[in-house]
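Right, one structure below, let's go through it.
Just so it is clear: chains get the letters A, B, ... in the order the sequence lines come, proteins before strands, and each one is counted from 1.
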Protein chains: 2
Amino acid sequence: MAVSKKEEFNKTDIEVAEIAKALSHPARIKILKILNDLDSCMVGNIVDLLPLSQSTVSQHLSELKRVGLIQGEIEGPKICYCLKPDVIEKAKKEFSKLFTQVCKC
Amino acid sequence: MAVSKKEEFNKTDIEVAEIAKALSHPARIKILKILNDLDSCMVGNIVDLLPLSQSTVSQHLSELKRVGLIQGEIEGPKICYCLKPDVIEKAKKEFSKLFTQVCKC
DNA sequence: TATTCTCATCGTATATTTACGATGAACGAT
DNA sequence: ATCGTTCATCGTAAATATACGATGAGAATA
C-alpha cells in the first residue's frame with residue numbers, strides 16, 4: 001500500500017483505531033473471554049480452546065499484549081497471561097465516548 | 001494466510017470483530033466524526049478533510065457501509081452519506097458488553 | 001448534445017495480517 | 001547431563017488492507 005498515512009491523523013483517533021485493530025479478530029475476542037474465565041492462563045490452555053495452532057495463538061497473544069490489553073508473566077517454563085483491567089477499562093471508556101460522540105444522542 | 005479460520009468462532013465474537021475491523025483505521029474513525037458534524041455529507045466534503053485521495057476515501061466509506069455503520073443515498077450526481085444511529089447504538093452496546101464481561105467488574 | 005461534476009470501481013503496487021510447521025531457548029524434572 | 005515441556009520466533013505462503021491514478025457511469029447544466 002505505498003506508504004501508510006495513519007500517522008497523519010490525531011492521536012486519539014489513532015489510539016482508538018489501534019485498540020479496535022487488536023479486537024478485529026474473533027480469536028482475540030475469545031482469548032480475552034478465556035483469560036477472564038480461567039484462573040490458570042497458560043498458553044497451552046488457550047490453544048486447547050481455539051481452532052488454531054500454537055504459533056498462531058502466540059501471535060494473537062502478542063497483538064493483544066502490544067496494545068496492553070493483556071500481559072504475560074514468566075512462571076518457570078510456562079507463561080501466565082492475564083488481563084489488564086485498567087487498560088480494558090480505559091478502552092471501554094474510549095469506545096463509549098466515541099460511540100456517544102457519534103450517535104447524535 | 002493459507003485459509004481463514006474466522007468462521008470457526010461464534011457468531012457474536014465474529015460480529016464484534018467485524019465492527020472492530022471497520023474501526024481499525026483512524027481515517028474511518030474520523031469519517032464517523034465528520035459525518036456527525038456535517039449537515040451536508042458529500043464525499044467531496046469528506047475528502048477535503050482527510051489527507052487521502054478520493055479513491056482511498058471511497059474505499060474507507062465502503063468498509064463503513066459494509067458493516068452498516070453508515071449509509072449512502074444518491075442525490076442527483078452526489079451521494080449523501082450519513083450515520084446509522086441504530087447500528088452505532090447496537091455497536092456501542094456490544095462493545096460495552098464485551099468490555100464489562102472481560103473487565104472482572 | 002457536449003460539458004462538467006461527482007463518485008465508484010479497476011488496475012496496480014506494496015504493506016500487513018493470518019496461518020502453519022520447524023526450530024530453539026528456558027526451565028523443571030529425571 | 002539429558003530429557004520433556006512450554007512457548008516465542010523464524011521462515012514461508014497466501015489473503016487482505018491500504019494507497020494511488022485512471023477510467024467510466026450517472027446526473028445536472030450549459
Side-chain angles (χ1 to χ4, degrees), chain A residues 1-9 13-14 17-31 34-35 38 40-67 70-82, chain B residues 1-9 13-14 17-31 34-35 38 40-67 70-82:
Chain A
M1 58 170 150
V3 163
S4 173
K5 300 226 170 163
K6 286 187 181 173
E7 338 73 41
E8 299 186 27
F9 293 85
D13 291 350
I14 293 172
E18 278 290 289
I19 303 285
K21 196 178 71 161
L23 299 174
S24 71
H25 194 294
R28 295 195 287 265
I29 303 279
K30 185 159 184 187
I31 287 171
I34 290 170
L35 289 181
L38 294 185
S40 158
C41 40
M42 274 177 43
V43 176
N45 300 138
I46 301 170
V47 173
D48 291 343
L49 295 170
L50 296 176
L52 298 170
S53 71
Q54 180 264 319
S55 61
T56 301
V57 171
S58 193
Q59 282 181 53
H60 284 307
L61 288 166
S62 286
E63 172 66 11
L64 289 169
K65 196 165 63 177
R66 188 182 64 81
V67 297
I70 68 172
Q71 69 181 66
E73 286 185 40
I74 297 169
E75 209 171 83
K78 307 178 183 182
I79 296 188
C80 178
Y81 275 101
C82 59
Chain B
M1 58 171 149
V3 163
S4 173
K5 300 226 171 163
K6 285 186 182 174
E7 338 73 40
E8 299 186 27
F9 294 85
D13 290 351
I14 293 173
E18 279 289 291
I19 303 286
K21 196 178 71 163
L23 299 174
S24 71
H25 193 293
R28 294 194 288 264
I29 303 279
K30 186 161 184 186
I31 287 171
I34 290 170
L35 289 181
L38 293 184
S40 158
C41 38
M42 274 178 44
V43 176
N45 299 140
I46 301 169
V47 172
D48 290 345
L49 296 169
L50 295 176
L52 298 171
S53 71
Q54 180 262 318
S55 61
T56 302
V57 171
S58 193
Q59 282 182 53
H60 284 307
L61 288 167
S62 286
E63 172 68 9
L64 289 169
K65 197 165 61 175
R66 188 183 64 81
V67 298
I70 68 173
Q71 69 182 67
E73 286 185 39
I74 297 171
E75 208 171 83
K78 307 177 181 179
I79 296 188
C80 178
Y81 275 100
C82 59

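- Side-chain N/O atoms of B:K5 include one lying less than 4.0 angstrom from OP1 or OP2 on C:dC20.
- A close approach under 4.0 Å does not occur between any side-chain nitrogen or oxygen of A:K21 and OP1 or OP2 of C:dT16.
- Here the P atom of nucleotide C:dT6 and the CD atom of B:E75 are 13 Å apart, to the nearest Å.
- In terms of polar N and O atoms assigned as donor or acceptor, the side chain of B:Q54 comes within less than 3.5 Å of the base of C:dA8 in a complementary pairing.
- Side-chain proximity of B:S62 to the nucleotides C:dT9, D:dA17, D:dA27 is greatest for C:dT9.
- Counting non-hydrogen atoms under 4.0 angstrom, A:L52 reaches the backbone sugars and phosphates but no base.
- Put simply, B:K6 has no side-chain N or O that comes within less than 4.0 Å of OP1 or OP2 on C:dT17.
- Separating the CD atom of B:Q71 from the P atom of C:dA8 is a distance of 14 Å, rounded to the nearest angstrom.
- For A:S53 and C:dC20, the shortest distance from a side-chain N or O to OP1 or OP2 is below 4.0 Å.
- Contact check, A:Y81 against D:dA8: a side-chain N or O comes under 4.0 Å of OP1 or OP2.
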From CA spacing to verdict: side chain to side chain contact (heavy atoms under 4.5 Å, CB included), B:K30, B:I34
CA-CA 6 Å; B:K30 186 161 184 186; B:I34 290 170; 3.9 Å; yes

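- Picking from D:dA19, D:dA27, D:dT5 the nucleotide with the shortest atom distance to the side chain of B:P77 gives D:dA27.
- Neither OP1 nor OP2 of C:dT17 sits under 4.0 Å from any side-chain N or O of A:H60.
- For B:T56, a side-chain nitrogen or oxygen approaches OP1 or OP2 of D:dC20 to under 4.0 Å.
- As a whole-Å value, the separation of A:R28 CZ from C:dT18 C1' is 9 Å.
- Screening B:I46, B:V47, B:D48 for a side chain to side chain contact (heavy atoms under 4.5 Å, CB included) with B:L50, the sole residue that qualifies is B:I46.
- The side chain of A:K78 has D:dT6 as its nearest neighbour among D:dT6, D:dA19, C:dC20.
- The CZ atom of A:R66 sits 16 Å away from the P atom of D:dA8 (whole-angstrom rounding).
- The main-chain N or O of A:S55 is never found under 3.5 Å from a side-chain atom of A:S58 such that the two would form a donor-acceptor pair.
- C:dT16 atom C1' lies 15 Å from atom CD of B:E63, rounded to whole Å.
- The side chain of B:Q59 lies closest to D:dA19 when the candidates are D:dA19, D:dG11, D:dC7.
- In this pair, B:H25 and B:H60 present their aromatic rings tilted. The plane angle is within the 30 to 60° band.
- With D:dA19, C:dA8, C:dC20 as the candidates, the nucleotide lying closest to the side chain of B:S58 is C:dA8.
- A straight line from CG of B:D48 to P of C:dC5 spans 14 Å, rounded to a whole angstrom.
- The closest donor-acceptor contact from the side chain of A:K5 to the backbone of B:A27 lies at 3.5 Å or more, if one exists at all.
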